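Keep in mind that this is a model prediction, so the values were computed, not measured. Just so we're on the same page: letters track the sequence lines, and every chain starts at 1.
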Amino acid sequence: MLKRTFLHFPNVGERREKLLWKYGYLDWEDIINLPPPSGWSRFWLEWQKEAERSLVALDQKNSEYFALSLPTSHWWRAIPEFLNEAVYLDIETDEKMDVTVIGLADRTTYYAFLEDEEIDKVYEIIFNAKMLVTYNGKNFDVPILKKKFKDLKFPILHIDLCPLFRRLGYKGGLKAIETQLGIERSHQTQGLNGWDAVKLWQKWKYFKDKQAFETLLMYNYEDVVHLKSLLKIAYEKLWKATIELV
DNA sequence: TGAACTTCAAGTTTCAGGGG
DNA sequence: CCCCTGAAACTTGAAGTTCA
C-alpha cells in the first residue's frame, strides 16, 4: 500500500490520488517510468522527484520520512513495511495516573516492567522500534510516559488503533471491539476494564494480594498481544475500504 | 482577453469519545 | 475520579475552465 501512496506529493489529495490509480499509475515506479496523463505535465517533474525520494526512504526503512510527509490519518498505509520493527505498548496506572505496569511487545516477545524497574531496557526497546502501536495511546499512554520519563524517545510513526477502528465504524472501546471481532479474553480477565486494573494494583500494593497481581499482569499481557491481531485486522479493512472506492 | 464559475488542497474551528 | 487528541465541517485561496 505504501508504494502506491501519492498523498505526500505536492498538490495531491485523496481525489487526485484516486484519479492516478484509475489512469493506471499504481506505484512510485509508474510515476518515474511513465509519461504524465494529458494536462498533468505541470506536476510531473516534482512528483517524479518525490517518487525517487520515497523509494530511497523505503529502501532505508526510514519510517520517520513517511510519518513526517504523510497526513497522520494515512499512516496506517505503512503498517506492512514496518511490521517487523513494531513495538506494541500498553500501560497500567494507579488512581493518581502514576505508572504501575509498562507492557511492551516486539515481533517475538512480551515484556512487563513494574514501576521504574529496568527503565533502561524500556528506553532501549522503544528507541529501537520503527513503529509504535497502541490503543488510544496518543491520548493516554504516551503523554503519561513522556511526562514521567522526559527523555524517552518514541518512534514518530505511531499507529493508534482507536481512531482507526472508529473510522471503520466500530463503536466503543478496546474490549467492545474485541468482542465484535471474536477475539476472546481468558477466564481470569473476562469482563475486567481499566478501572479494575487500578483496583488490582491497590490490592497487590497495600494487601500483598498475589492473586490480584497475577491477574493484573495477565490483563496487561492480553491487552498488549491483542494489539497485534487488531493491527492486522485494521490494516486489511482499511485497505479494502480504500481500494473499493477507486 | 477577462469575468464568472468550478475544482481541489490546505488551513481553521469545534466537539465527541476512550484510556487508567 | 482525571487525562488528552483527532475527525468532520466549514472556509479560504490558488489554479483551471468556460464563454462571450
Side-chain angles (χ1 to χ4, degrees), chain A residues 5-23 36-44 46-47 50 67-76 88-103 112-115 132-148 154 156-180 189 191-205 212-213 215-224 226-227 230 234 238 241-242 245:
Chain A
T5 292
F6 307 134
L7 289 175
H8 54 314
F9 292 7
N11 303 302
V12 175
E14 293 184 41
R15 211 146 174 164
R16 285 202 178 123
E17 180 180 60
K18 284 205 182 82
L19 267 178
L20 282 168
W21 291 343
K22 212 178 206 169
Y23 294 158
S38 65
W40 294 45
S41 53
R42 65 188 186 281
F43 298 126
W44 216 243
E46 279 304 312
W47 291 1
E50 182 49 57
L68 292 173
S69 53
L70 283 172
T72 317
S73 53
H74 291 277
W75 284 1
W76 63 268
Y88 304 80
L89 166 73
D90 182 62
I91 66 170
E92 313 300 331
T93 71
D94 65 16
E95 76 287 353
K96 291 177 301 190
M97 299 287 133
D98 242 348
V99 182
T100 56
V101 182
I102 301 174
F113 302 92
L114 302 181
E115 297 179 288
L132 177 69
V133 183
T134 63
Y135 192 89
N136 202 33
K138 289 197 178 172
N139 291 338
F140 189 81
D141 306 69
V142 169
I144 285 185
L145 284 177
K146 273 190 176 162
K147 200 171 171 187
K148 180 160 186 185
F154 290 93
I156 296 176
L157 183 63
H158 176 177
I159 309 294
D160 189 333
L161 293 169
C162 181
L164 293 184
F165 274 104
R166 198 175 327 157
R167 199 189 313 165
L168 286 166
Y170 289 81
K171 307 283 175 205
L174 178 63
K175 314 297 181 285
I177 291 168
E178 285 178 3
T179 309
Q180 289 174 68
T189 65
L192 294 183
N193 60 36
W195 189 242
D196 293 318
V198 171
K199 291 184 276 184
L200 287 169
W201 176 261
Q202 290 171 340
K203 282 187 188 168
W204 160 244
K205 180 147 186 174
F213 180 71
T215 304
L216 178 63
L217 284 189
M218 176 63 78
Y219 176 80
N220 181 262
Y221 170 79
E222 288 177 359
D223 269 359
V224 173
H226 286 183
L227 292 176
L230 290 171
L238 287 162
T242 307
L245 299 173

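Atom CG in N193(A) sits roughly 8 Å away from atom P in dG20(B) (whole-Å rounding). What separates CG of D98(A) from P of dC1(C) is a distance of 20 Å, to the nearest Å. The interatomic distance linking L164(A) (CG) with dT5(C) (C1') rounds to 13 Å, in whole Å. In this structure, the CZ atom of F6(A) is 14 Å from the P atom of dA9(B), given to the nearest Å. Rounding to whole angstrom units, CG of residue L174(A) and P of dG17(B) are separated by 18 Å. Look at CZ on R15(A): it is 20 Å from P on dA14(C), rounded to the nearest Å. In this structure, CG of L200(A) is placed 12 Å from C1' of dG20(B), rounded to the nearest angstrom. Counting to the nearest Å, the P atom of dG19(B) and the NZ atom of K146(A) are 20 Å from each other.
Between K175(A) and D223(A) there is a salt bridge, with a side-chain nitrogen of the basic residue lying less than 4.0 Å from a carboxylate oxygen of the acidic one.
In terms of position along DNA chain C, the nucleotide closest to E95(A) lies nearer the 5' end than the nucleotide closest to the other residue of the pair E95(A) and K138(A). Nucleotides of DNA chain C nearest to N139(A) and M97(A) differ in position, and the one nearer the 5' end is that of M97(A).
At the heavy-atom level, I144(A) lies nowhere under 4.0 Å from the strands shown. When heavy atoms are screened at a 4.0 angstrom cut-off, N220(A) is found touching no nucleic acid atom at all. The residue S73(A) sits close only to the backbone: its heavy atoms come under 4.0 Å of sugar-phosphate atoms, none of a base. Using a 4.0 Å heavy-atom cutoff across all strands shown, D90(A) reaches sugar-phosphate atoms only and no base atom. Residue contacts shown for N136(A) include a base, since a base heavy atom lies under 4.0 Å away. Residue contacts for G137(A): at a heavy-atom cut-off of 4.0 Å it reaches no nucleic acid atom on any strand shown.
The aromatic rings of W47(A) and F9(A) are tilted relative to each other, their planes meeting at an angle between 30° and 60°.
Minimum atom distance to the side chain of V198(A) is reached by dG20(B), of the listed dG18(B), dT5(C), dG20(B). Ranking dG17(B), dG6(C), dC8(B) by closeness to the P163(A) side chain, first place goes to dG6(C). Among the nucleotides dC8(B), dG20(B), dG19(B), the one closest to the side chain of R16(A) is dC8(B). Checked against dG20(B), dG18(B), dA7(C), the side chain of R167(A) finds its nearest nucleotide in dA7(C).
Taking a 6.0 Å sphere around NZ of K147(A), one finds it holds 12 or fewer heavy atoms contributed by other residues, nucleotides or ligands.
Considering CG of L164(A) and OH of Y170(A), their distance stands at 12.5 Å, rounded to 0.5 Å.
Closest of all the heavy-atom pairs between A112(A) and L217(A) is CB-CD2, 4.2 Å.
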